[in-house]
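Here is the structure we will look at.
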Amino acid sequence: YQKSFYLSDYFHYFSALASYRLEKFEDYAYHLAQCYTVIQYEGNIRKMQKFTNLINVDFNIEFKDFVLEYLKQNKEE
């Protein structure tokens, strides 16, 4: 049994875009972190480069740094 992550990266990317535009910043950060996690799990370097470039431009952030900071702030105690 293997979980399917088919298009999960796109789902979280577009959910982050929508949340950002609606000023739902907690949802936006959550979806960016999930997008990063899915791509890391897949291990696809080209996909990571593609999404990193998209997200860096669309949100004017450094994707990896943003996710690392999000994870630090939201880690379970």
Side-chain angles (χ1 to χ4, degrees):
Y1 170 73
Q2 181 178 359
K3 285 188 174 185
S4 174
F5 291 99
Y6 181 69
L7 297 178
S8 293
D9 43 13
Y10 285 95
F11 169 78
H12 288 294
Y13 168 71
F14 285 113
S15 293
L17 272 177
S19 297
Y20 186 80
R21 300 290 186 252
L22 294 171
E23 297 182 2
K24 294 182 177 182
F25 297 114
E26 287 182 30
D27 292 342
Y28 141 77
Y30 168 80
H31 285 293
L32 283 184
Q34 292 301 309
C35 182
Y36 185 88
T37 301
V38 168
I39 298 168
Q40 278 292 106
Y41 176 77
E42 290 178 349
N44 186 330
I45 294 169
R46 286 186 183 174
K47 187 181 278 190
M48 182 58 83
Q49 291 170 338
K50 173 185 177 176
F51 275 92
T52 297
N53 290 337
L54 279 172
I55 289 167
N56 287 353
V57 170
D58 289 344
F59 298 106
N60 194 30
I61 61 170
E62 289 296 322
F63 186 32
K64 183 177 179 181
D65 294 339
F66 181 89
V67 171
L68 288 173
E69 187 60 32
Y70 173 84
L71 294 173
K72 283 180 191 174
Q73 291 177 0
N74 292 286
K75 70 178 181 178
E76 294 181 305
E77 301 288 327

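This chain uses plain numbering: 1 for the first residue, then up along the sequence.
Partners of Gln40 according to the side chain to side chain donor-acceptor pair (under 3.5 Å) rule, which considers only residues two or more places apart in sequence or in another chain, do not exist here. Glu69 is linked by a side chain to side chain donor-acceptor pair (under 3.5 Å) to Gln73, counting only residues two or more places apart in sequence or in another chain. When the side chain to side chain donor-acceptor pair (under 3.5 Å) test is applied to Asp58, the partners found at least two apart in sequence or on another chain are Tyr13. Here Asn53 pairs with nothing under the side chain to side chain contact (heavy atoms under 4.5 Å, CB included) rule; sequence neighbours left out. With sequence neighbours left out, the side chain to side chain donor-acceptor pair (under 3.5 Å) criterion links Tyr10 to Lys50.
Taken from CG in Leu17 to CG in Leu54, the straight-line distance is 8.5 Å, to the nearest 0.5 Å. Atom CD1 in Ile39 sits 5.0 Å away from atom CZ in Phe51 (nearest 0.5 Å).
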In a table with atom names and distances, give each donor-acceptor pair under 3.5 Å that connects a side chain of residues 42-49 to protein atoms at least two apart or in another chain.
from  : atom 1 : to    : atom 2 : distance (Å)
Glu42 : OE1    : Lys47 : NZ     : 3.0
Asn44 : OD1    : Arg46 : N      : 3.1
Asn44 : OD1    : Lys47 : N      : 3.0
Lys47 : NZ     : Asp9  : OD2    : 2.7

Please set out all donor-acceptor pairs under 3.5 angstrom arising from side-chain atoms of residues 18-33, sequence neighbours excluded.
from  : atom 1 : to    : atom 2 : distance (Å)
Ser19 : OG     : Ser15 : O      : 2.9
His31 : ND1    : His12 : ND1    : 3.0

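In this structure, Phe14 is not a member of the same hydrophobic cluster as Val57, with clusters built from ILVMFWY side-chain heavy atoms closer than 4.5 Å.
Atom CG of Asp65 sits in a crowded spot, with more than 12 heavy atoms from other residues, nucleotides or ligands closer than 6.0 Å.
Within the 4.5 Å cutoff, no side-chain heavy atoms of Phe11 are placed close to those of Leu7.
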